[in-house]
2 protein chains.
Amino acid sequence: MADSALQEQDEAPIRMGDITDSLGFLIRIAQIKAFDNFFANLGEHGLKPGEFTVLWVIGLNPGLRQGTIANTLRIKPAHMTKLTGRLVEKGFVARATAATDRRAVRLSLTPAGLEFVDAHKDSFLSFNFAEKDNLSDDEAAKLIALLKKFTGLNTCH
Amino acid sequence: MADSALQEQDEAPIRMGDITDSLGFLIRIAQIKAFDNFFANLGEHGLKPGEFTVLWVIGLNPGLRQGTIANTLRIKPAHMTKLTGRLVEKGFVARATAATDRRAVRLSLTPAGLEFVDAHKDSFLSFNFAEKDNLSDDEAAKLIALLKKFTGLNTCH
DNA sequence: CTCATTTAGTTTCCGCGTAAACTATTTTCT
DNA sequence: AGAAAATAGTTTACGCGGAAACTAAATGAG
């Protein structure tokens, strides 16, 4: 019957055509996978990927303006305000308005923030290696290099 | 005259350390870029990336169950309901409850949906090539192959 | 058969990220 | 100096995507 043929089709391989060659599509799927990986390995620390990234960059560049960090990490101002708020709430980050420009907000790690980054940077960074999954070391390195080039991160925008 | 030393520092290169070797971070940045590309080139058609992907897959597999498509495209059920609703609203997709299983919803393209896919598939698919940006053809092919492997899309889950 | 379990989708509610409007401060122009 | 423009962040309102609870229908155990 036509009906049974259709149902059979559900378990059969689904045709996806050339969409599987779409960079945008592949990147979206990769994003989901990377997100899953992150929470499976590092979820216990209670920070989301973007939050740790911001913490990390503040640690490397203490006193940087909030907007500059947002710009660098492609985070929009409105979101950056909330994200920073969360990190302040957790006691990891301190806001400071500079005397020279009272509009600007300069960010730095609190002692607790410093301690947190120090305590967990290894698992966060080593996670970046473990994350490769079904890629060989060589392939992962190649993928990272290509993504850097695609995103323009190698040329320092 | 206008710039203090501190402000100068803001424009100086920002240290990002090993985070630029993080797959998760790079994929997030790549996602943003791919999204921007999509809307710059195809935004006028009024469909978001995920919507066109779903439309495309329905076109290739008419009569497939909604949940099967969601599964394949890593879309969660709750979201799939809304996304399908939007496509139905636009008149591109028809829902049909099969007689054999009245819980299941089978999706197919309406004539308008078929026409839309036909009319725009070239620009959507050729976009996938144009999208490469600062990558050579060779590099883009390599990147796509590596992403397929990373996501497991080559092995058909 | 009929009650429990499983399955397909939907609904409700919530958080993330954004655009647009707004506030406060600095800079520029005359 | 004082008005106009630019800049840094915040607030508000909204859409997307997801988790959990829910509804309806099919399956299974006794």
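So you know, we letter chains A, B, ... as the sequences are listed, proteins then strands, and number each from 1.
Scored by the side-chain hydrogen bond (donor to acceptor under 3.5 Å, both in side chains) test, B/His79 finds no partners at all (sequence neighbours excluded). Residues passing the side-chain hydrogen bond (donor to acceptor under 3.5 Å, both in side chains) test with A/Gln31, sequence neighbours excluded: none. Residues passing the salt bridge (Lys or Arg N to Asp or Glu O under 4.0 Å) test with A/Asp118 are A/Lys121, sequence neighbours excluded. For B/Glu139, the salt bridge (Lys or Arg N to Asp or Glu O under 4.0 Å) partners are A/Lys149, not counting sequence neighbours. Take B/Arg102 and apply the salt bridge (Lys or Arg N to Asp or Glu O under 4.0 Å) test, not counting sequence neighbours, and it matches no residue.
Look at CD1 on A/Ile32: it is 13 Å from C1' on D/dC16, rounded to the nearest Å. Atom CD of A/Gln66 and atom P of D/dT7 are 18 Å apart (whole Å). Rounded to whole Å, the distance from CD on B/Gln31 to P on D/dC16 is 15 Å. If you take CE of A/Met80 and P of D/dT11, they are 15 Å apart, rounded to a whole angstrom. Between A/Leu83 atom CG and D/dT10 atom C1' the separation is 15 Å, expressed in whole Å. Regarding A/Arg86, its CZ atom lies at a distance of 6 Å from the P atom of C/dG17, rounded to whole Å. One interatomic measurement links the two molecules: CZ of A/Phe35 to C1' of C/dC16, which rounds to 9 Å at whole-angstrom precision. Remark: P of C/dA19 and CG of B/Asp36 are 9 Å apart, rounded to the nearest angstrom.
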List, with names and distances, any nitrogen or oxygen atoms from the protein found under 3.5 Å away from nitrogen or oxygen atoms belonging to nucleotides 23-25 of chain D.
unit_1	atom_1	unit_2	atom_2	d
D/dA25	OP1	B/Arg102	NH2	3.0

Between protein and nucleotides 12-15 of chain C, what N or O pairs are separated by less than 3.5 Å?
none

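Note on B/Arg74: every side-chain N or O is 4.0 Å or more away from OP1 and OP2 of D/dG18. Not one side-chain nitrogen or oxygen of B/Arg95 sits closer than 4.0 Å to the OP1 or OP2 atom of C/dA8. For the pair A/Arg65 and D/dG9, the criterion of a side-chain N or O lying under 4.0 Å from OP1 or OP2 is met.
In this structure, the nucleotide among D/dT10, C/dT11, D/dG18 sitting nearest to the side chain of B/His79 is D/dG18.
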For residues 49-59 of chain A, which side-chain N or O atoms pair as donor and acceptor with protein atoms under 3.5 Å away, sequence neighbours left out?
unit_1	atom_1	unit_2	atom_2	d
A/Glu51	OE1	A/Lys48	N	3.0
A/Glu51	OE2	A/Arg86	NH1	2.4
A/Thr53	OG1	A/Pro49	O	3.0
A/Trp56	NE1	B/Met16	O	3.0

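Residue pairs satisfying the ring pair (Phe, Tyr, Trp, His ring centres under 6.0 Å) criterion with at least one member in residues 91-116 of chain A, sequence neighbours excluded, are listed as follows: A/Phe92-A/Phe116, A/Phe116-A/His120.
Going from atom CG of A/Leu147 over to atom CG of B/Leu147 covers 6.0 Å, rounded to the nearest 0.5 Å.
Nearer the 5' end of DNA chain D, as judged by each residue's closest nucleotide, is the contact made by A/Thr81, out of A/Thr81 and A/Arg28. For A/Glu51 and A/Ala99, each mapped to the nucleotide of DNA chain C holding its nearest heavy atom, the one lying further toward the 5' end belongs to A/Glu51.
When the shell of 6.0 Å around CZ of A/Arg95 is examined, it contains more than 12 heavy atoms from other residues, nucleotides or ligands.
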